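Single-structure report; data block below.
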Amino acid sequence: MAKIYMDNGATTKPDSEVVSAMLPYYNEHFGNASSLHSFGQEAADALDRARQQVANLVGAQPEEIIFTSGGTESDNLALKGIAYLKKNAGKHIITSVIEHPAILNTCKNLQDDGFRVTYVPVDDQGLIDPAAVEDAITDDTILVSIMHGNNEIGTIQPIKEISKIAHDRGVLMHTDAVQSVGKIAVNVNDLDVDMLSISAHKIHGPKGVGALYVRKGTRLESLVKGGGHEFGKRAGTENIPGIVGLAKAAELAGQRLDDDASHVTKLRDAAITKILGSISESYLNGHPTQRLPNNVHLRFSYVEGESLLMLLDMKGVAVSTGSACSSKSLEPSHVLTALGIPPEQIHGSLRITFGRENTMDEVDYVVESLVGIVEKLRAMSPIAPKH
Ligand SMILES: Cc1ncc(COP(=O)(O)O)c(C=O)c1O
């Protein structure tokens, strides 16, 4: 049976070059980067090179890259790191209703600690109106955090415009770019952000490692207390093999960005056209053009996303319902709810996220499988109209 992985928004297969780059840092160069002897020096050199490679991918300086345990920690560090440092200057943060739980739950936590959070809404395609951010800024606002590419529906936000609004009012700007880095060109200066979150496992790197870009001169409170690692912004002996893996993944993502983006865009557009053209009452969720090049998010009337997922899995195809990050919850997706999609339609949603290894033949196989599965499920559904 075919084994087709189309859930690259959840995680990606580590590139073989990434794994090869990491292995020597387990087997031979296992030193602690803080040690003064040659073993330590090898690790420190690897750390320096990695910092440069990750910086290159987003147009940053190496000393602006703080290595973390992944996107979740980067988001926590950005929000809490600024909030705790600036708590005497202001207690208001602005974010959006469609952020990843790594942002939303950190905001909830900050609210418990006495901060105020404004959640700006989105339109029915998942776009934030920059004017809504402008209206929400008060004299008390210390940070705006708006995601770049949405992990569920793939909508890409106008970050540059929002950054300008924040900066004109003297407010710091963070973006969670976990889903956009490596998929589209991401440059911290073009986006004009002060902080930006990155995760290795979304770009064919290892799990449990990521980075936070922090613009030179931006101070934040370290959340992990200990030694002076990562310029005093994140203590703990560095995960050198993981960081080397992230750096290799970043290097490859940079080299392959144009090829990867045009490849997955073709697959995305073909999949959307073919599915919408062959299944009645199927709809695209998210923005039709301002969306991540690898993201297809659809909903089908009269079927359950879970049933679609399980039946596709039986045909060897791995996809996701809504967001993988919330797949263990029965709550309807907060992102699709924010778009104004009724709950019964939300439950009929499916996310397909392509990667560089997917092919057009696989798209055809998935479309054909999906047509049959939807037909079968609707035939069994008591509510689906029978033609
Ligand atoms: C937009 C977004 N932010 C943050 C994260 C969390 O990243 P990590 O899995 O590296 O903790 C994810 C993961 O799905 C994500 O999609």
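From a predicted model like this one, the values you see are computed outputs, not experimental measurements. One-based numbering, in listed order, for ligands and for the atoms of each.
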Who are the ring pair (Phe, Tyr, Trp, His ring centres under 6.0 Å) partners of His347, not counting sequence neighbours? none
Among all residues two or more places apart in sequence or in another chain, which pass the side-chain contact (heavy atoms from CB on, under 4.5 Å) test with Ile383? Tyr302, Ser381
How does Met147 reach ligand 1, by side chain, by backbone, by both or by neither, if only non-hydrogen atoms under 4.0 Å count? side chain
Counting from 1 in the order shown, the ligand 1 atoms closer than 4.0 Å to a non-hydrogen atom of Ser199 are 8 (P), 10 (O)
Note: Thr72, heavy atoms under 4.0 Å from ligand 1, region reported as both
Considering only heavy atoms, does Asp75 approach ligand 1 within less than 4.0 Å through its side chain, its backbone, both, or neither? side chain
Will you find, in the side chains of Thr175 and His148, an N or O donor that is under 3.5 Å from an N or O acceptor? no
Are any of the N/O atoms on Asn151, whether in the backbone or the side chain, positioned under 3.5 angstrom from an N/O atom of ligand 1? no
Would one find an N or O of Gly71, backbone or side chain, under 3.5 Å from an N or O of ligand 1? yes
For the hydrophobic clusters of this structure (ILVMFWY residues joined by side-chain heavy atoms under 4.5 Å, transitively), does one cluster hold both Tyr365 and Leu298? yes
Can you see whether Glu152 engages Ser333 through a side-chain donor-acceptor pair at a distance of less than 3.5 angstrom? yes
How about Tyr25 and Phe30: are their ring centres within less than 6.0 Å of each other? no
Indicate whether any N or O donor in one side chain lies under 3.5 Å from an N or O acceptor in the other, for Thr155 and His287. no
Mark up the atoms of ligand 1 that fall under 4.0 Å of a heavy atom belonging to Gly70, in ascending order. 10 (O)
Contacting atoms of ligand 1, where contact means under 4.0 angstrom from a heavy atom of Lys202: 12 (C), 13 (C), 14 (O)
Pick, from Glu152, Glu73, His148, Gln179, the option with the minimum heavy-atom distance to atom 16 (O) of ligand 1. Gln179
Per-atom filter on ligand 1: closer than 4.0 angstrom to a heavy atom of His201 are 8 (P), 9 (O), 10 (O)
